[in-house]
There are 2 protein chains.
Amino acid sequence: MAKTSTEQNGAKTLSDQAYLKLRSDIIHGVLQPDEKLRIEHLRTEYGVGASPLREALSRLAADGFVTAEGQRGFRVAPMSEEDLEDITRLRILLEKQALCQSIEHGGDEWESQIVASFYQLEKVEESEERDPAEWEMRNHDFHEALIAGCTSKWLRRFYGILYDQHKRYRNIALSTEIPRDLHQEHEELRNTALARDKKRACDAIEHHILRTAEITQRVLREESLQKKEIA
Amino acid sequence: MAKTSTEQNGAKTLSDQAYLKLRSDIIHGVLQPDEKLRIEHLRTEYGVGASPLREALSRLAADGFVTAEGQRGFRVAPMSEEDLEDITRLRILLEKQALCQSIEHGGDEWESQIVASFYQLEKVEESEERDPAEWEMRNHDFHEALIAGCTSKWLRRFYGILYDQHKRYRNIALSTEIPRDLHQEHEELRNTALARDKKRACDAIEHHILRTAEITQRVLREESLQKKEIA
DNA sequence: ATTTGCAAAAATATCGATATAAAACTTGCA
DNA sequence: TGCAAGTTTTATATCGATATTTTTGCAAAT
């Protein structure tokens with residue numbers, strides 16, 4: 001039998017649905033940094049009761065997507081250059097580690113998933129439209145494929161949070177003008193990983209993440225400059 | 001004026017109180033691994049309503065202290081040798097990184113806090129009683145002091161989770177027979193950190209964490225062996 | 001003896017309402 | 001005008017009750 005209309009994605013409970021929706025809206029900038037998250041308002045907006053909302057917000061607070069101050073409600077986590085730098089540095093550390101473990105333990109399935117996801121990503125990067133949403137998905141799949149051989153549950157968990165935190169900065173800073181010479185970097189990543197060359201693969205991933213962050217940071221700096229001029 | 005009797009620790013809300021209490025009870029083995037966490041039961045046990053409880057459990061799930069399956073409630077996160085190994089490896093990676101940053105950026109305040117907390121830890125380690133709870137606190141303070149110069153908010157966050165996860169294994173495995181030749185390792189840590197010798201300090205922390213984990217692992221293995229014999 | 005189906009029981013997830021705390025807004029006074 | 005204390009307003013945190021969902025128990029059939 002078909003599932004209930006409200007049960008779209010993999011979410012079994014209203015809590016999960018609210019969690020995923022809020023998370024997505026924060027990552028995509030629908031909910032602005034530092035914005036107050038009033039329960040009553042969200043209730044009508046998302047069509048769920050206060051309890052599942054508060055549970056979702058509690059989880060998001062643990063993930064660092066919202067801040068929660070006792071008796072003073074929730075807000076969307078603020079964004080800053082320092083935070084981006086922090087996330088970037090740690091993401092590099094973790095993704096390097098995960099990549100190394102993958103290169104060590106990855107088998108045939110791992111290799112073919114890298115080839116396949118790279119191919120899909122390539123198609124989007126070389127296409128005319130350059131749909132940002134499509135690119136985000138393919139980019140995510142490719143990076144996931146690279147570290148799919150990593151067996152560490154905890155590394156996976158933390159990496160996932162940082163990837164999405166990073167994505168928030170990407171999305172807010174460069175919502176439209178995404179792809180550039182990223183393609184070469186992705187190619188280098190694929191090649192070094194398949195060659196099982198840990199050293200060069202790590203260098204490649206570090207370079208890749210740093211470049212992305214730099215561009216994001218520049219846009220971020222320009223934006224904050226504009227805000228000061230207005231004020 | 002004195003605070004309300006229910007407002008003991010730093011917890012402002014019932015949610016926070018429940019969170020801290022549950023977290024502590026899980027870490028200290030009061031709540032056993034894989035144990036079912038029935039809301040109705042916890043309500044009477046902890047004296048709070050269902051909402052704050054569910055919020056606390058949601059947060060703990062995000063931290064990996066409990067598992068939450070949709071429509072099937074919460075359980076205490078299970079424990080396993082693989083999980084311990086996983087936590088250990090990642091904790092080493094993160095604590096090394098945090099230590100390096102501390103050695104780079106730490107100032108006078110950082111140095112003196114290391115000396116002070118080491119002294120306090122030394123006192124407990126060399127005393128006759130060897131109170132495990134006291135040791136845990138002092139050990140925590142010392143490790144915190146070592147990485148106090150680390151400016152990365154995210155590194156701090158993840159490290160904190162892993163430290164407590166590790167602590168859970170320590171507590172359950174060796175609730176009574178704690179200190180041994182750890183003292184030498186702590187001394188080496190203090191000396192290399194104050195000498196600003198990143199390389200040796202990192203080696204020392206790796207060795208230290210690995211040794212602790214090994215002992216825990218041995219006890220864990222013996223326990224699971226006993227269980228199999230009984231069954 | 002094992003399985004299948006149904007009914008009863010238990011537990012979860014959720015909503016609506018209330019108590020409580022923080023913020024905003026006066027009003028009185030120097 | 002500036003400030004401070006009290007008052008209203010707003011929003012949060014919490015509880016009690018309800019509606020689903022899952023599990024359990026039991027009987028009938030293979």
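A note on names: the letters A, B, ... follow the listed sequences, proteins ahead of strands, and every chain is numbered from 1.
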Enquirer: Given atom CD of B:Q17 and atom C1' of D:dT14, what is their separation to the nearest angstrom?
Expert: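 Those two atoms, CD and C1', are 12 Å apart.
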Enquirer: Of all the choices, C:dA13, D:dT14, C:dC15, which nucleotide is nearest to the side chain of B:F74 once you look at every atom?
Expert: C:dA13
Enquirer: Tell me whether the side-chain N/O atoms of A:R43 come closer than 4.0 Å to OP1 or OP2 in C:dG16.
Expert: yes
Enquirer: With heavy atoms under 4.0 Å as the rule, sort A:T13 into base, sugar-phosphate or nothing.
Expert: sugar-phosphate
Enquirer: Whole-Å distance between C:dA9 C1' and B:E40 CD?
Expert: 14 Å
Enquirer: If we ignore angles and hydrogens, is there a donor and acceptor under 3.5 Å between the side chains of B:Y159 and B:D164?
Expert: no
Enquirer: Below 4.0 angstrom, N of the basic side chain to O of the carboxylate: do B:D86 and A:R156 qualify?
Expert: no
Enquirer: Could you tell me the separation between the CD atom of B:Q71 and the P atom of D:dT22, rounded to a whole number of Å?
Expert: 6 Å
Enquirer: Just the rounded figure in Å: distance from C1' of D:dA11 to CZ of A:R75.
Expert: 13 Å
Enquirer: Can you check whether A:R72 has a side-chain N or O nearer than 4.0 Å to OP1 or OP2 of C:dA23?
Expert: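 Affirmative; the distance criterion is met.
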Enquirer: Quick one: A:L42 CG to D:dT10 P, roughly how many Å, whole number?
Expert: 18 Å
Enquirer: Between P on D:dT18 and CG on A:L14, what's the gap in Å once rounded to a whole number?
Expert: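 It works out to 19 Å between those atoms.
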Enquirer: Starting at CG of B:D16 and ending at C1' of D:dT14, how long is that distance when rounded to a whole Å?
Expert: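 Result: 13 Å.
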Enquirer: Could you tell me whether B:E81 and B:R221 make a salt bridge, using a distance below 4.0 angstrom between a side-chain N and a carboxylate O?
Expert: yes
Enquirer: Taking CZ from A:R38 and C1' from C:dA22, how many angstroms apart are they, rounded to a whole number?
Expert: 13 Å
Enquirer: Please determine if a side-chain N or O atom of B:K36 lies less than 4.0 Å away from the OP1 or OP2 oxygen of D:dT23.
Expert: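 Result: no.
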Enquirer: For B:G73 and A:G70, find the nucleotide of DNA chain C closest to each by heavy atoms; which residue's nucleotide sits nearer the 5' end?
Expert: B:G73
Enquirer: Does a salt bridge link B:E136 with B:R170, judged by any charged N lying under 4.0 Å from a carboxylate O?
Expert: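 Yes, B:E136 and B:R170 are salt-bridged.
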Enquirer: The test is salt bridge (Lys or Arg N to Asp or Glu O under 4.0 Å); show your working for B:D63 and B:R59 and say whether it passes.
Expert: CA-CA 6 Å; B:D63 289 348; B:R59 284 206 267 163; over 6 Å; no
Enquirer: Taking only side-chain N and O atoms of B:R54, does any of them lie within less than 4.0 angstrom of OP1 or OP2 on C:dT12?
Expert: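 No, B:R54 has no side-chain N/O under 4.0 Å of OP1/OP2 on C:dT12.
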